[in-house]
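Side-chain atoms are counted along with the backbone in the values below, which use heavy atoms only and exclude waters and symmetry mates.
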Amino acid sequence: MDSSEQRRKRKRIFRPSSPTATIVYFFSVRSFVLCFSFLIFLFLLSYQIPFSSSVFRPVLVVSRLSLLSSSSDFLSTSQSFQDFGSSSLLHLQIEGRVLFPDHVLLLVNKNDLFSKNTNFECVYGRNSTGDDVGVVKEKSFSVDVYGESEFGVLVRCPLPPVNYSAVVNLRKFSGNGLWKESNQTVNSWENVAYAATLDGNTVVVFVKGLNLRPDRESDSSQFSCYFGLGNFEKEGRFALRTKAITAAQEVVRCALPLSIRKTPEKARGIRITIGMLPHIHAKAHEHVLLPSVAKITELKSEGRGNVENGKYDLCVCTMVWNQGSALREWITYHSWLGVERWFIYDNNSDDNIKDVIEELETENYNVTRHVWPWIKTQEAGFSHCALRAKKECNWVSFMDVDEYFYFPYSNPGHQSLRSTVSSSSPGIAEIRTTCHSFGPSGLNSAPSQGITVGYTCRLKSPERHKSIIRPDALDTTLLNVVHHFHLRKGFRYMNLPQSTAVINHYKYQVWEVFRAKFFRRVATYVVDWQNNQNEGSRDRAPGLGTEAIEPPNWPLQFCEVWDTGLRDFVLSNFADLSTGLLPWEKSSF
């Protein structure tokens with residue numbers, strides 16, 4: 001009885017005694033709840049999004065993306081490992097997969113256990129789990145270190161067999177345990193953000209799937225840039241969004257978030273993607289985000305050292321596939337003309353190009369190989385190389401390994417190309433040089449003394465031009481097509497007179513060399529040889545069909561003018577006086 005009376009008294013104490021008291025009581029409780037909720041909201045928001053550089057912690061940002069995004073995956077991955085013994089790959093993780101027409105690319109984090117001699121088997125399951133039951137194993141095509149990327153290692157695997165999943169896993173070659181992890185995403189090469197690099201207080205993103213028109217700037221307001229934070233693979237979270245500054249072809253330039261704009265290096269390792277409006281009347285919040293394997297990198301100088309003013313006068317950038325046999329002659333010759341630095345973008349070569357570049361480097365040719373696994377992206381790759389070269393070079397020539405500068409009406413001396421470029425007036429930012437296309441010149445097999453000596457018959461009229469540019473004077477879009485770039489306002493180009501210099505383009509070589517072009521063209525907007533589009537284009541060989549079948553009289557085609565000028569110059573200036581051998585011949589022996 002006493003206890004019942006006490007409870008009734010307590011209720012009377014806490015019960016409002018009038019309507020006015022009821023209202024006061026209601027609003028006081030509501031205010032308390034609202035204030036407390038607001039404080040919790042601010043705490044959570046400040047934890048995930050750094051609003052100013054003073055509270056931004058690079059370790060936290062990287063860990064939220066690179067470490068926390070893989071922490072849960074790592075735990076499940078660890079449980080799915082079988083014993084690897086002393087060579088355990090427990091600390092490696094597959095960060096992404098991209099499905100290409102002829103292979104699957106795996107982007108893998110590396111650790112101290114990895115070496116460039118590591119071999120992997122690609123493991124395919126009948127479903128996305130990658131279970132050991134019914135798996136098929138294939139040797140990987142290649143394993144490469146991926147420059148400055150946070151991923152570190154690229155593994156190229158064959159396409160999966162019929163009825164097998166493209167969620168490829170890895171096994172160390174001859175190992176006993178299956179290495180798999182919980183990230184089951186496979187991105188299509190037709191629709192993915194694939195690379196990103198810092199440029200001042202902006203980041204340049206390289207993207208497939210925008211379908212923008214070539215050789216013109218697009219409306220950047222249709223795009224936004226999204227910076228990843230948190231467990232990206234599992235939740236697709238992006239904590240920060242900024243506007244796109246420019247958009248052209250496959251390149252989007254993004255503003256960095258305010259919180260890291262003063263210290264851009266803190267953006268390294270953050271995943272980024274592009275959002276695009278699905279239609280012209282869509283609103284900003286309706287952006288569709290593209291899949292992404294792109295993490296922000298900062299390009300670093302890898303040359304052996306620089307001249308007194310901090311930059312090389314003349315550099316060269318090229319993109320190659322299986323051109324190891326052509327590099328030595330091309331680099332030896334142009335180094336004599338004054339090229340000081342070489343950037344070789346390797347587009348999935350499987351020949352001896354790595355060995356050739358290592359040999360050239362030991363011989364003091366300042367050459368670096370940069371893995372560029374993205375097919376049919378020559379224009380984007382050249383934009384990427386222009387950003388890389390801007391830190392090291394005053395001038396950069398964008399040319400192919402079958403193109404040679406030649407001074408037809410003078411006897412050029414040592415460093416003559418470098419001198420020609422360096423003497424340009426300040427307002428000139430691009431030097432265009434006319435190209436002459438050479439044919440097989442009656443040969444049935446590759447010339448033993450090199451292409452400059454072997455091919456001596458060409459077409460009469462020149463075709464197109466190639467350019468040497470100032471990387472610091474390029475338009476912010478980095479827009480380029482057929483080896484020339486758009487320039488910033490205030491700069492102009494000049495055409496180098498043919499009486500001064502031309503480029504010998506050994507375009508139509510013997511059939512065993514030329515037919516390799518049918519595999520794939522590197523340019524984005526140039527149709528592959530085997531496709532029956534634009535068959536009358538100058539990018540094709542006149543009269544050549546879509547199949548790699550040698551036409552009649554191929555050795556005699558594209559021959560209108562016999563031109564032995566460069567051959568005579570090379571034999572006079574490069575041949576060994578005692579043996580008559582050329583430098584690239586010595587190496588082959």
Side-chain angles (χ1 to χ4, degrees), residues 148 197-200 202 204 253 298-319 330-345 360-361 364-370 379 381-401 403-407 412-433 465-480 482-497 500-503:
E148 301 87 358
T197 185
L198 288 170
D199 183 30
T202 66
V204 179
R253 184 182 292 273
E298 184 175 16
L299 300 178
K300 302 174 183 177
S301 300
E302 299 181 39
R304 289 197 310 270
N306 274 327
V307 289
E308 292 180 359
N309 68 351
K311 290 187 177 182
Y312 301 104
D313 282 332
L314 181 58
C315 307
V316 165
C317 179
T318 192
M319 185 175 293
W330 184 67
I331 288 177
T332 302
Y333 173 80
H334 286 99
S335 292
W336 193 87
L337 290 181
V339 176
E340 304 166 283
R341 179 81 170 90
W342 304 85
F343 304 96
I344 311 298
Y345 274 54
L360 289 167
E361 182 66 14
N364 292 322
Y365 292 100
N366 199 2
V367 189
T368 50
R369 171 177 171 265
H370 305 278
E379 294 86 347
F382 280 179
S383 296
H384 191 274
C385 191
L387 292 174
R388 182 186 298 277
K390 184 168 65 172
K391 296 183 178 181
E392 298 189 47
C393 310
N394 291 322
W395 291 88
V396 185
S397 175
F398 289 85
M399 56 192 296
D400 297 331
V401 296
E403 296 169 341
Y404 286 72
F405 273 89
Y406 170 49
F407 296 79
H414 193 53
Q415 308 288 319
S416 55
L417 179 59
R418 176 183 171 188
S419 300
T420 300
V421 170
S422 300
S423 61
S424 301
S425 61
I428 300 297
E430 180 180 19
I431 301 172
R432 298 181 177 181
T433 308
H465 63 265
K466 294 298 171 71
S467 297
I468 304 175
I469 58 95
R470 278 180 51 186
D472 63 340
L474 299 182
D475 186 77
T476 54
T477 61
L478 300 175
L479 191 55
N480 69 89
V482 196
H483 300 257
H484 70 261
F485 284 79
H486 288 214
L487 304 176
R488 294 204 322 262
K489 290 182 180 180
F491 294 95
R492 66 187 189 278
Y493 71 85
M494 66 167 285
N495 291 313
L496 202 62
T500 301
V502 295
I503 289 178

>> One pair to check against side chain to side chain contact (heavy atoms under 4.5 Å, CB included): Y365 and T332. What are the steps and the verdict?
In response: CA-CA 8 Å; Y365 292 100; T332 302; 3.8 Å; yes

>> Show, in sequence, the C-alpha distance, side-chain angles and deciding distance for E430 and F491, and conclude whether the side chain to side chain contact (heavy atoms under 4.5 Å, CB included) test is met.
In response: CA-CA 8 Å; E430 180 180 19; F491 294 95; over 6 Å; no

>> For a side chain to side chain contact (heavy atoms under 4.5 Å, CB included) check, start with the C-alpha distance between L417 and L314, then their side-chain angles and the critical distance, and finish with the verdict.
In response: CA-CA 9 Å; L417 179 59; L314 181 58; 3.9 Å; yes

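- A heavy-atom distance below 4.5 Å is not found between the side chains of N366 and E340.
- A salt bridge links K466 with D400: the distance from a Lys NZ or Arg NE/NH1/NH2 to an Asp or Glu carboxylate oxygen falls below 4.0 Å.
- In this structure, K489 does not pair ionically with D475, as no charged nitrogen and carboxylate oxygen lie closer than 4.0 Å.
- Once rounded to the nearest 0.5 Å, the distance linking CG of L487 with CZ of F485 reads 10.0 Å.
- A donor and an acceptor atom, one from each side chain of H414 and S416, are nowhere located under 3.5 Å apart.
- Residues S467 and F398 form no side-chain contact, since every pair of their non-hydrogen atoms from C-beta on lies 4.5 Å or further apart.
- Under the 30°/60° scheme for interplanar angles, the aromatic rings of Y345 and H384 are found to stand perpendicular.
- Residues T476 and R253 form a side-chain contact, since some pair of their non-hydrogen atoms from C-beta on lies under 4.5 Å apart.
- Interatomic distance, I468 CD1 to I428 CD1, rounded to the nearest 0.5 Å: 13.0 Å.
- Taking the ring-ring contact (aromatic ring centres under 6.0 Å, His included) definition, one finds that H486 meets it with nothing, sequence neighbours left out.
- Atom-to-atom distance recorded for C315:SG and R418:CZ is 10.0 Å, nearest 0.5 angstrom.
- Of the inter-residue distances, the one linking H465 atom NE2 with I503 atom CD1 reads 9.5 Å to the nearest 0.5 angstrom.
- Between the side chain of S422 and the backbone N or O of S419, no donor-acceptor pair lies under 3.5 Å.
- Under a 3.5 Å cut-off, the side chain of H370 and the backbone N or O of F343 do not form any donor-acceptor pair.
- Taking 4.5 Å as the limit, some side-chain heavy atom of V367 sits within range of a side-chain heavy atom of I344.
- Here the shortest heavy-atom pairing between P471 and C393 reads CG-O, 3.5 Å.
- Side-chain atoms of Y333 come within 3.5 Å of backbone N or O of F405 as a donor-acceptor pair.
- In this structure, OG1 in T420 is found 8.0 Å from CD1 in I431, a value given to the nearest 0.5 Å.
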> Is there a side chain to side chain contact (heavy atoms under 4.5 Å, CB included) between H334 and M399 once you walk through the steps?
Replying inline: CA-CA 11 Å; H334 286 99; M399 56 192 296; 3.6 Å; yes

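- A donor-acceptor pair is defined here as one N or O able to donate and one able to accept, closer than 3.5 Å; no such pair exists between the side chain of R341 and the backbone of C317.
- Each of T197, N480, T477 was scored for a side chain to side chain donor-acceptor pair (under 3.5 Å) with S383, with one residue passing: N480.
- The minimum heavy-atom distance linking A389 with V396 is given by the pair CB-CG2, 3.5 Å.
- To the nearest 0.5 Å, atom CD of residue E298 and atom CG of residue L387 are 12.0 Å apart.
- Under the ring-ring contact (aromatic ring centres under 6.0 Å, His included) criterion, W342 pairs with W330, sequence neighbours left out.
- Side-chain N or O atoms of K311 include one that pairs as donor or acceptor with a backbone N or O of K390 at under 3.5 Å.
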